[in-house]
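Worksheet for the structure shown next.
Excluded from the calculations below are hydrogen atoms, water molecules and symmetry mates; all remaining heavy atoms, backbone and side chain alike, are included.
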Amino acid sequence: QVQLAASGGGLVQPGGSLRLSCTASGVAMDFFTIGWFRQAPGQEREGISCISTNDPGIYYADSVKGRFTISRDNAKNTVYLQMNSLKPEDAAVYYCAAQLDPTGRLVATKSSEYGSWGQGTQVTVSS
């Protein structure tokens with residue numbers, strides 16, 4: 001089973017940027033769709049982005065489209081989420097998740113579609 005470690009969170013001012021990393025261990029990430037989710041206090045977990053292996057297929061939620069960019073480096077077994085123009089409403093715990101997909105075409109936006117989860121990294125956006 002793949003093990004995931006999310007990192008890169010922190011405190012940033014509105015308008016600032018952060019880059020989150022999701023690093024896999026245990027297996028190669030090459031055949032996994034990777035998703036990023038976030039959960040703010042009192043709110044449901046929200047799927048904000050994912051990346052498949054072939055092409056690759058990419059999804060962004062409307063709330064982050066144009067500001068966040070997902071990418072993957074299979075050689076480093078890592079998926080990145082570059083977050084720009086951060087807003088206070090982006091503050092949340094961010095999680096990455098993985099789902100094995102040999103087809104390479106899975107673009108999964110729901111948490112129920114993922115079998116493995118990382119531990120989460122806190123993002124705080126405040127002046």
Side-chain angles (χ1 to χ4, degrees):
Q1 185 173 355
V2 61
Q3 295 178 329
L4 303 173
S7 62
L11 172 64
V12 64
Q13 293 185 345
S17 298
L18 284 173
R19 188 178 77 160
L20 304 185
S21 299
C22 176
T23 301
S25 60
V27 297
M29 188 181 269
D30 302 52
F31 299 105
F32 287 82
T33 286
I34 304 297
W36 282 100
F37 293 76
R38 67 185 181 187
Q39 188 166 20
Q43 297 187 17
E44 294 186 355
R45 188 168 295 189
E46 176 190 13
I48 58 172
S49 186
C50 76
I51 185 167
S52 67
T53 56
N54 284 351
D55 295 342
I58 290 176
Y59 161 82
Y60 298 106
D62 288 343
S63 57
V64 306
K65 197 173 295 182
R67 300 186 297 122
F68 291 11
T69 302
I70 193 170
S71 61
R72 65 189 303 154
D73 186 341
N74 287 341
K76 295 183 178 179
N77 239 22
T78 300
V79 168
Y80 303 99
L81 186 68
Q82 178 68 42
M83 306 188 298
N84 298 328
S85 302
L86 283 162
K87 306 174 181 179
E89 53 263 42
D90 293 319
V93 178
Y94 282 69
Y95 300 89
C96 60
Q99 179 59 38
L100 180 65
D101 177 45
T103 72
R105 295 191 297 270
L106 175 65
V107 178
T109 63
K110 300 177 182 178
S111 57
S112 59
E113 297 181 274
Y114 290 88
S116 300
W117 290 82
Q119 83 286 5
T121 184
Q122 177 72 50
V123 171
T124 302
V125 184
S126 175
S127 55

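Between Ile51 and Ile70, the shortest heavy-atom contact is CG2-CD1, 3.6 Å. Closest approach of Ala6 to Gln119, counting heavy atoms only: O-NE2, 2.8 Å. The two residues Cys50 and Ala108 have their closest heavy-atom pair at SG-O, 3.3 Å. The two residues Ser17 and Asn84 have their closest heavy-atom pair at OG-OD1, 2.9 Å. A pairwise comparison of heavy atoms in Thr78 and Ser21 identifies CG2-CB, 4.1 Å as the closest pair. For the pair Gly118 and Tyr95, the tightest heavy-atom approach, listed with the atom from each and the gap, is O-CD2, 3.7 Å.
Hydrophobic clustering (ILVMFWY, side-chain heavy atoms < 4.5 Å, transitive): Leu20 and Val125 are in one cluster. Under a hydrophobic clustering in which Ile, Leu, Val, Met, Phe, Trp and Tyr are joined whenever their side-chain heavy atoms come within less than 4.5 Å, directly or via other members, Val93 and Ile48 fall into different clusters. Linking ILVMFWY side-chain heavy atoms closer than 4.5 Å, directly or via other members, places Val107 and Trp36 in two distinct hydrophobic clusters. Criterion: ILVMFWY side-chain heavy atoms under 4.5 Å apart, direct or through other members. Under it, Leu11 and Leu18 are not part of a common hydrophobic cluster. Put simply, Ile34 and Val27 are part of the same group of oily side chains (I, L, V, M, F, W, Y) that touch within less than 4.5 Å, one to the next.
For Asp62 and Lys65, the salt-bridge test passes: some basic side-chain N is under 4.0 Å from an acidic carboxylate O.
Between the side chain of Tyr59 and the backbone N or O of Ser52, no donor-acceptor pair lies under 3.5 Å. Under a 3.5 Å cut-off, the side chain of Asp101 and the backbone N or O of Leu106 do form a donor-acceptor pair. Judged by distance alone, the side chain of Gln39 and the main-chain N or O of Ala92 form no donor-acceptor pair under 3.5 Å. Asn77 contributes a side-chain N or O that, together with a main-chain N or O of Ala24, makes up a donor-acceptor pair within less than 3.5 Å. A side-chain donor-acceptor contact under 3.5 Å links Asn54 to the backbone of Thr103. No side-chain donor-acceptor contact under 3.5 Å links Gln13 to the backbone of Ser127. A distance-only check finds a donor-acceptor pair linking the side chain of Arg67 to the backbone of Ser63 [under 3.5 Å].
Scanning for ring pair (Phe, Tyr, Trp, His ring centres under 6.0 Å) contacts around Tyr114 gives Phe37, with sequence neighbours left out.
Note: Tyr94 OH to Cys22 SG = 14.5 Å, rounded to the nearest 0.5 Å. Note that CD of Gln99 and NZ of Lys110 are 14.0 Å apart. Values are rounded to the nearest 0.5 Å.
A heavy-atom distance below 4.5 Å is found between the side chains of Leu100 and Phe31. Using a 4.5 Å heavy-atom cutoff, the side chains of Met29 and Val2 are not in contact. By the 4.5 Å heavy-atom criterion applied to side chains, Met83 and Val12 are not counted as neighbours.
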